[in-house]
Amino acid sequence: MEAVKDLVNDANFDCSATGFSLQAMDSSHVALVALLLRSEGFEHYRCDRNLSMGMNLGNMAKMLKCAGNDDIVTIKADDGSDSVTFMFESPTQDKIADFEMKLMDIDSEHLGIPEAEYESIVRMPASEFARICKDLSTIGDTVVISVTKEGVKFSTRGDIGTANIVCRQNTSIDKPEEATIIEMQEPVTLTFALRYMNSFTKATPLASQVTISLSSDLPIVVEYKIAEMGYLRFYLAPKIEEDEEMGAHAEAVQTKSKTEAKPKKETKAKAESKPSVMETEDEEETTESKPLLESKPKLEIKPDTETNGEVEVMDVE
Amino acid sequence: MEAVKDLVNDANFDCSATGFSLQAMDSSHVALVALLLRSEGFEHYRCDRNLSMGMNLGNMAKMLKCAGNDDIVTIKADDGSDSVTFMFESPTQDKIADFEMKLMDIDSEHLGIPEAEYESIVRMPASEFARICKDLSTIGDTVVISVTKEGVKFSTRGDIGTANIVCRQNTSIDKPEEATIIEMQEPVTLTFALRYMNSFTKATPLASQVTISLSSDLPIVVEYKIAEMGYLRFYLAPKIEEDEEMGAHAEAVQTKSKTEAKPKKETKAKAESKPSVMETEDEEETTESKPLLESKPKLEIKPDTETNGEVEVMDVE
Amino acid sequence: MEAVKDLVNDANFDCSATGFSLQAMDSSHVALVALLLRSEGFEHYRCDRNLSMGMNLGNMAKMLKCAGNDDIVTIKADDGSDSVTFMFESPTQDKIADFEMKLMDIDSEHLGIPEAEYESIVRMPASEFARICKDLSTIGDTVVISVTKEGVKFSTRGDIGTANIVCRQNTSIDKPEEATIIEMQEPVTLTFALRYMNSFTKATPLASQVTISLSSDLPIVVEYKIAEMGYLRFYLAPKIEEDEEMGAHAEAVQTKSKTEAKPKKETKAKAESKPSVMETEDEEETTESKPLLESKPKLEIKPDTETNGEVEVMDVE
């Protein structure tokens, strides 16, 4: 919730017989968040009719914070009602709390997100990824993520200097939650705003591993699995550098991304690529993140606003 | 100290042969705090003459924070002196600190608080009560406390929705510090400002249980026992809702408090009582907390300002 | 680093074959910090030519915070380069980070600090000293440190009252890190600004003991040993009270410092010395800390700015 709340104020929760889902874009239309909780994951789940509930996520988080750690949480919404009820019962039934929250009418379209083939998929410890995003944001504003067979490199550049962090493929260890696994069809180098990345990584407590999917012309997908129930996914459009479309610069950038993958020659490579990098930096202010909505076709727009129904979700936390 | 400091800036500490006491009202004259530490509770206590010491509680807290956890604390005041000395000695006597604090002349009357018969007395875990006040204050500004034989209900209402937390009578458990015990002569429903409640609950570390005494026309008493020594008590005048004095509304409110005690029929009851609740809310702005001083007669005004003496208090923390 | 960063923004790190050193004054020229890390303390240390690197300490701290606890840290600077590289390698070599920071041209002279004979040297637990400075700064702005054979006394005075903390000589205990040892040639009483002391004590995590050296006309030295490698030293000029140079007052102050060392007669002594203390306090605003640069001759000014070279420092943290 914290991670979602950071990006989005209000969102529609869609309830159907198969589960509970949420999809919302941040106000700048650069990042999208998608949550899925399958009905199998709840101890008791009943949804008689599809229902879309517009909630203020800040207020929802306030109410959920009032639940005790071992409380049984029940979420209840009646057909046609303008409110949702959260019930928290202590294990001994000595304390029973019910919180009623007003619902909102939110005008939103359900965007279908195509299941794309990604050029590179990195699976790594979620805490490691969070640490890297946090560390890099003390130096710069954007992160360049480059994937090669050997590893994934996160780079940034700021007023005080530069930083490169390389995580190597690492599959042979005993603890699968500490593995770093790279499935690469094509090497990719993409640039993202660290501000959004640091919002996404607030979901780190949900899962031990994070999966990062990258393709040249697609938004990055940062996915946290929610144990046996579903997932929380973040989509972020890459920053487009205008010079990438111009011949000479594109080549220079290409050179850079190739040489940087070989740490041994790094010092030399850096010297060579410096001019182009410097220009890239200068022009960064004139480049903008391509809004997500434009960067891919809206495949299955299905407005859910007419549907109404009764939904009852019961979950043992 | 933290709990008291929050409400009151300056207060007179009264020392006599029987113990150490403090009584002070907050600046708005809505809440009163009373502290009693009996002389038996100190390892060594000597008070030759009654003495009233006016102290700034913020400064006193600053000085007491300088004591180590295992230090022997000695509080010393000489006859006619305008200062009090706090001495902190480490168990090994290797570190000895003395802090001298200037006293103040505080104009105050010692209010006698009548030992009233309360219609309902609730004893519950102090941490549970603190948690409830904190949780409710994320939703609303006031808490309605309703006591019935089955349990005590804390309710609030705010812009984002409503909340009801019911704690059931619970005496049969092994751990007495987790019990919730209700002694009820008469069901009571009273409204209080959560802001004060959250100040009171800063005293939670003092005791495992809190005792809450309620009567229709009296201030609430929130009491924390201080192990074998005395108590820290908070008094708070209830918020008076004007419509309570009017027939129709009073009945509606009555209905509400009765029906809400039966959680099974809650949804229906809530729908019925809604109109009156809405009006209550609207009028809340025109109602005000009755100042404590007016809500009960001043029984034993005994100005202690002339008394002077020598007092020496020694306490092993 | 935190302790140094607090006092100084930019500083020159001097690298030579024998080690790594830093010396810098705070902007008000009242405090001086000196760091020495001998080459023997590093696992691998190579420095081909003397090199002075001007670094912004805030930026350096940002980058060093990106190192993991068990990382191997390598600091590298090339001859004639305008940047320094910090490399952090995880123990398993799975994560390799390099951070490049721009260097600065800092105009500074290397001050030679004469090895003086101090009248009193106090060695005490670093955490105890930090606690005392923190506690006293809740009461006043300056600390008077008085050393006698029996112990060291820290006193302050502020609007809300006064405080005296005495730490007694204590050598016979089993744990040497908890000892308080006083080597006294001559009793000393000196006054210092607590603001600086509280900056110095940020170095407390470095060492279990702190060594405080005091002489009437010299800056205090607060030294933290860095295990087997070197030290971090802070120098602070005492506050000079003008009346000390005048006969009558000097005597009164003298009396005070003598009597205060005997806690038994303290109350009486305090009463006697009060007039002078009051005057001292009044005049404090007109007195100023003697800048360090003037309080001692510059012995070995050796400007290192021309030297240039290559340095490579490797350290296992």
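Every chain is numbered from 1 and lettered A, B, ... according to where its sequence line falls, protein lines coming before strand lines. Note that the structure is predicted; figures quoted are calculated from it, not measured. Computation of the quantities below employed the complete heavy-atom set of this structure, encompassing side-chain atoms and omitting hydrogens, waters and symmetry-equivalent molecules.
With salt bridges taken as basic N to acidic carboxylate O contacts below 4.0 Å, one links C:R46 and C:D48. Under 4.0 Å is where a charged nitrogen must lie from a carboxylate oxygen, and between A:E150 and A:R168 no such pair does.
Listed for the C:Q209 side chain is a donor-acceptor partner under 3.5 Å among the backbone atoms of C:E177.
Annotation: maximal heavy-atom pairing with chain C below 4.5 Å, among A:A163, A:C167, A:G151, occurs at A:A163. Annotation: maximal heavy-atom pairing with chain A below 4.5 Å, among C:A97, C:S90, C:C66, C:S83, occurs at C:C66.
Among C:Y235, C:F129, C:F234, the one residue that satisfies the ring-ring contact (aromatic ring centres under 6.0 Å, His included) test with C:F200 is C:F234.
For chain C, the nearby parts of A:I160 are the backbone and the side chain; heavy atoms of each come within less than 4.5 Å.
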